[in-house]
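Take a look at the following structure, please.
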Amino acid sequence: MDALDQRLAQSAVTACEACFGVKITPEQIQLQQTRKEFDGDRTVVVFPLTRHSKASPEATGTALGEWLVANDELVAAYQVVKGFLNLTIVPTYWTEQLLQIHTLDAYGIQAEGSKSKVMVEYSSPNTNKPLHLGHLRNNFLGYSVSRILEAAGHEVIKVQIINDRGIHICKSMVAWQKFGNGETPDSSGLKGDKLVGKYYVAFDRAFKEEVANLMAGGIAEDKAQKQAPILLEAQAMLHRWEQGEAEVVELWRTMNNWVYDGFGKTYTEMGVDFDKLYYESDTYLLGKDQVAAGLESGVFFKKDDGSIWIDLSDEGLDEKLLLRKDGTAVYMTQDIGTAILRYSDFPGLERQVYTVGNEQEYHFKVLFTILKKLGVDGAEKNHHLSYGMVELPEGKMKSREGTVVDADDLLEEMAGTARDMATELGKINDLSEAEKDTLFKQVGYGALKYFLLKVSPSKSMMFDPKASVDFIGNTAPFIQFNYVRAASMLAKCTDAGHNTDISTIDAAVWDTDELRLIQQALMWPATVELAAAHYDPSLVANHAYDLTKAFSRWYQDHPVLGEENVSVRDARIVLTQCVAHQIKTAMGLLGIEMPKRM
RNA sequence: GGCUCUGUAGCUCAACUGGAUAGAGCAUCGCACUACGGAUGCGAAGGUUUGGGGUUCGAAUCCCUACAGGGUCACCA
């Protein structure tokens, strides 16, 4: 609901009182954009009002329409179609609004800190494998939601929790010791995360071999899987790590640092960043303390074997384990610790947003409930930003079947496609290699980001590496292309000596296409707010596309540069400036950059 | 099996959270234009919104039910 809707709702309330003698509230007035096949700009749905007017929908609409035209200077005309009252707004209103947008650099963007402080967690990888397509959706989503929340006025702290300890890390460590021959990222030229991932795979291969051998010796599969020597080694290493054995800790630190170097490069390519990093190795002990405290206060209980649980059956949930009988932490343990630590790290934090796949919905439901029971203030405001899996044509990604789409590979491929496309079109041949490189990344990565973000987060989505990411149609490159040609045209206007610093517009110049384009642009602030409230970048993506599409259509037959009539030209220049600026702003919230040329 | 999410054009997705004749892109077919940057624009075709009930002035949207698919119910993360 924008300013105009509020104003019209207020008028309609007054009209109801004047016409029917009933007092209602503005919330009872249903307003919507008039569908394009009818005359008018805004529509009042009159059905709900008929029980107040005690008249037919048509009669009710007509009465209100008459009153509004007579008493509200913004309403130029009305038309009743069935139960819908279509209002035409005076053109000067749109012109004024456009000029207002024009003067604002941050139209639709709230001042930072005008709303609460929130934390957004995303990425949160394990340190034993490189990032893949699923992480890309996660990262783009988390980063974009952060930007959108900022745009809506929140102070945002971007964080991740790095799962840097546990049996999975030890597997890579054991394999590297056995088969690595001292290989390092420097010696091999392999990216650090790829190197460590390689040994994780090597572990798995060796493990399977050993299991097969044991089974050949007559041992049952489930037993063999528990007895495989290399697995026992990994478990022993985890134990030594927890004891703080220097040699093991040193190896752990070294290999994790390789991974962080590798991840760092990928994050830079992706264009995402973090304000603070949390490491599981730092927080899992805090979680244990919290569990101990909760046991003390009676929120948790201990079973005979010494394991600690919480009973959530009152909440319609299960009993949930919080500490193993041997006293070691589980996933939930450390998440409790991390959550509480974050509140003390950032006083005044209103809520935490966890960008994590939908397979963990139950986990977060339990986590938030536990936090509430522990008496954490505002725990119920936390939000699990749950998103659906990215599926491939052949089904789910399976590392065992080699169907995992690697993040680095995919990014490179995208930039390569952008290169092929641009080379074929041959419009940027005079750019330097460095400029081209930047451009191909802007376009290629932009296409990928847009593809992953334009779908509502909650839905699982299909990704066909060969066919999915287009550069035409509803895509980032289409939007970028229109931005570029708008910018190019504006530059030519300047070159031609046209005044581009315009502060007044003759309201009589607009045609219906243009009025529609202006109205599209006016929906931006409401879009930002809605996207922030729903943690949904797809709303921003759709807005950017709709605006661009409307612009592209308009551009086709509305000349600017060569327009002789100066007041028409001025109006079109302002319109183009506003649209281009808004497209850039919107795409920026998706983490997508606009090139200067393409 | 319990809980949960999802089901919309051949394909990938929308639909301002209950409003008018359900919209885009891709693919297909046709058309336009000296192109302010053609990575373009316009049009055609394509739908019983999975089926069946219900609620109401009005349902893709809410309720019930059946079917189909995903997720989850670990001393994994």
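Just so it is clear, the model here is predicted, and its values are computed rather than measured. Residue numbers start from 1 in every chain, and the chains themselves are labelled A, B, ... in the order their sequence lines are given, proteins ahead of strands.
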N/O contacts under 3.5 Å, protein versus nucleotides 73-76 of chain B?
from	atom 1	to	atom 2	distance (Å)
B/rC73	O2'	A/Asp318	OD2	3.4
B/rC75	O3'	A/Arg324	NE	3.3
B/rC75	O2	A/Lys325	N	3.4
B/rC75	N4	A/Asp305	OD2	2.2
B/rC76	OP2	A/Arg324	NE	2.8
B/rC76	OP2	A/Arg324	NH2	2.4

Give a yes or no on whether a salt bridge exists between A/Glu563 and A/Arg572, defined as a side-chain N under 4.0 angstrom from a carboxylate O.
-> yes
Describe the nucleic acid contact of A/Met489 in one word from base, sugar-phosphate, nothing, applying a heavy-atom distance below 4.0 Å.
-> base
Pick the P atom in B/rC16 and in B/rA59, then give their distance to the nearest Å.
-> 16 Å
Strictly under 3.5 Å: I want the nitrogen or oxygen pairs between protein and nucleotides 18-22 of chain B, one per line.
from	atom 1	to	atom 2	distance (Å)
B/rG19	O2'	A/Gln32	NE2	3.3
B/rG19	N7	A/Gln30	OE1	2.9
B/rA20	OP2	A/Arg35	NH1	3.1
B/rA20	N6	A/Thr43	OG1	2.7
B/rA20	N6	A/Asn86	OD1	3.0
B/rA20	N1	A/Asn86	OD1	3.2
B/rA20	N1	A/Asn86	ND2	3.4
B/rU21	OP1	A/Lys82	NZ	3.3

Determine the interatomic distance between P on B/rU17 and the same-named atom on B/rG41; round to the nearest Å.
-> 29 Å
Ignoring backbone atoms, test whether A/Lys596 places a side-chain nitrogen or oxygen under 4.0 Å from the OP1 or OP2 oxygen of B/rG37.
-> no
Taking CZ from A/Arg51 and C1' from B/rG58, how many angstroms apart are they, rounded to a whole number?
-> 15 Å
What interatomic distance, in whole Å, is found between C1' of B/rU61 and the corresponding atom of B/rU56?
-> 14 Å
Taken to the nearest whole Å, CZ/A/Phe451 to P/B/rA14 is 11 Å
Should the heavy atoms of other residues, nucleotides or ligands under 6.0 Å from CD of A/Gln577 be counted, would the total exceed 12?
-> yes
Taking atom P of B/rC57 as reference, at what distance in whole Å does atom NZ of A/Lys54 sit?
-> 15 Å
Separation between the C1' atoms of B/rC5 and B/rU40, rounded to whole Å | 40 Å
In terms of side-chain heavy atoms of A/Glu280, which of B/rU17, B/rA14, B/rA77 is nearest?
-> B/rA77
Taking the inter-plane angle between the rings of A/Phe463 and A/Phe451 on a 0 to 90° scale, is it parallel (under 30°), tilted (30 to 60°) or perpendicular (over 60°)?
-> perpendicular
So, A/Thr548 versus A/Asp546: side-chain donor-acceptor pair below 3.5 Å or not?
-> no
What's the CG-C1' distance between A/Leu561 and B/rU34, to the nearest Å?
-> 15 Å
Rounded distance in Å between the C1' positions of B/rA68 and B/rA27 | 26 Å
Closest to the A/Leu539 side chain: B/rG25, B/rA15, B/rG37?
-> B/rA15
Between A/Ser456 and B/rA14, does any side-chain N or O lie under 4.0 Å from OP1 or OP2?
-> yes
Ring pair (Phe, Tyr, Trp, His ring centres under 6.0 Å) filter on A/His135, not counting sequence neighbours, yields A/His132
When the distance from NZ of A/Lys454 to P of B/rA15 is rounded to whole Å, what number comes out?
-> 13 Å
Rounded to the Å, how far apart are A/Asp546 CG and B/rG23 C1'?
-> 10 Å
Do A/Leu295 and A/Trp309 touch side chain to side chain, with heavy atoms closer than 4.5 Å?
-> no
Side-chain ion pair, A/Arg597 and A/Glu435, N-O less than 4.0 Å = no
Tell me what A/Leu425 touches on the nucleic acid: a base, only sugar-phosphate, or nothing, going by heavy atoms under 4.0 Å.
-> base
Choosing from B/rA15, B/rC26, B/rU17, which nucleotide comes nearest the side chain of A/Asp470?
-> B/rC26
How many Å lie between CG on A/Asn482 and P on B/rG37, as a whole number?
-> 12 Å
Answer whether the closest heavy-atom distance between the side chains of A/Cys578 and A/Trp524 falls below 4.5 Å.
-> no
Taking the inter-plane angle between the rings of A/Tyr535 and A/His383 on a 0 to 90° scale, is it parallel (under 30°), tilted (30 to 60°) or perpendicular (over 60°)?
-> parallel
Taking only residues at least two apart or on different chains, which pairs with a member in residues 323-338 of chain A satisfy salt bridge (Lys or Arg N to Asp or Glu O under 4.0 Å)?
-> none
When you look at NZ of A/Lys436, are more than 12 heavy atoms from neighbouring residues, nucleotides or ligands closer to it than 6.0 Å?
-> yes
State, with a plain yes or no, whether a side-chain heavy atom of A/Ile29 is found less than 4.5 Å away from one of A/Val44.
-> yes
Does A/Lys459 put a side-chain nitrogen or oxygen below 4.0 Å from OP1 or OP2 of B/rG7?
-> yes
Of the candidates B/rA77, B/rG37, B/rA14, the side chain of A/Asn542 sits closest to B/rA14
Hey, which sits more toward the 5' end of RNA chain B by its nearest nucleotide, A/Trp554 or A/Val455?
-> A/Val455
Just call it for A/Met523: base, sugar-phosphate, or nothing, with non-hydrogen atoms closer than 4.0 Å on any strand.
-> nothing
Hey, which of these two, A/Pro559 or A/Met461, hits RNA chain B nearer its 5' end, going by closest nucleotide?
-> A/Met461
Taken to the nearest whole Å, CD/A/Gln360 to C1'/B/rC5 is 16 Å
What's the closest nucleotide to the A/Tyr555 side chain, out of B/rA14, B/rG37, B/rG41?
-> B/rG37
Considering only atom C1', compute the distance from B/rC29 to B/rA9 and round it to an integer number of Å.
-> 16 Å
A/His534 near the nucleic acid: base, sugar-phosphate alone, or nothing, with a heavy-atom cut-off under 4.0 Å?
-> base
Less than 6.0 Å separating the ring centroids of A/Phe140 and A/Tyr122?
-> no
Within the structure shown, what part of the strands sits under 4.0 Å from A/His558 by heavy-atom distance: base, sugar-phosphate, or nothing?
-> base
Between B/rU6 and B/rC13, how far apart are the P atoms? Round to whole Å, please.
-> 14 Å
Can a donor-acceptor pair under 3.5 Å be found between the side-chain atoms of A/Gln556 and the base atoms of B/rU40?
-> yes
Hey, does the side-chain of A/Ser552 have a donor or acceptor N/O within less than 3.5 Å of a partner on the base of B/rG41?
-> no
Not counting sequence neighbours, which residues clear ring pair (Phe, Tyr, Trp, His ring centres under 6.0 Å) with A/Tyr445? List them please.
-> none
Identify whether the glycosidic angle of B/rU17 places it syn (within 90° of 0) or anti.
-> syn
SB check A/Glu319 A/Lys303 (cutoff 4.0 Å) = yes
Can you tell me which stems RNA chain B forms, taking runs of 3 or more consecutive Watson-Crick or G-U pairs with both distances under 3.5 Å?
-> B:1-7 with B:67-73, B:10-13 with B:23-26, B:28-32 with B:40-44, B:50-54 with B:62-66
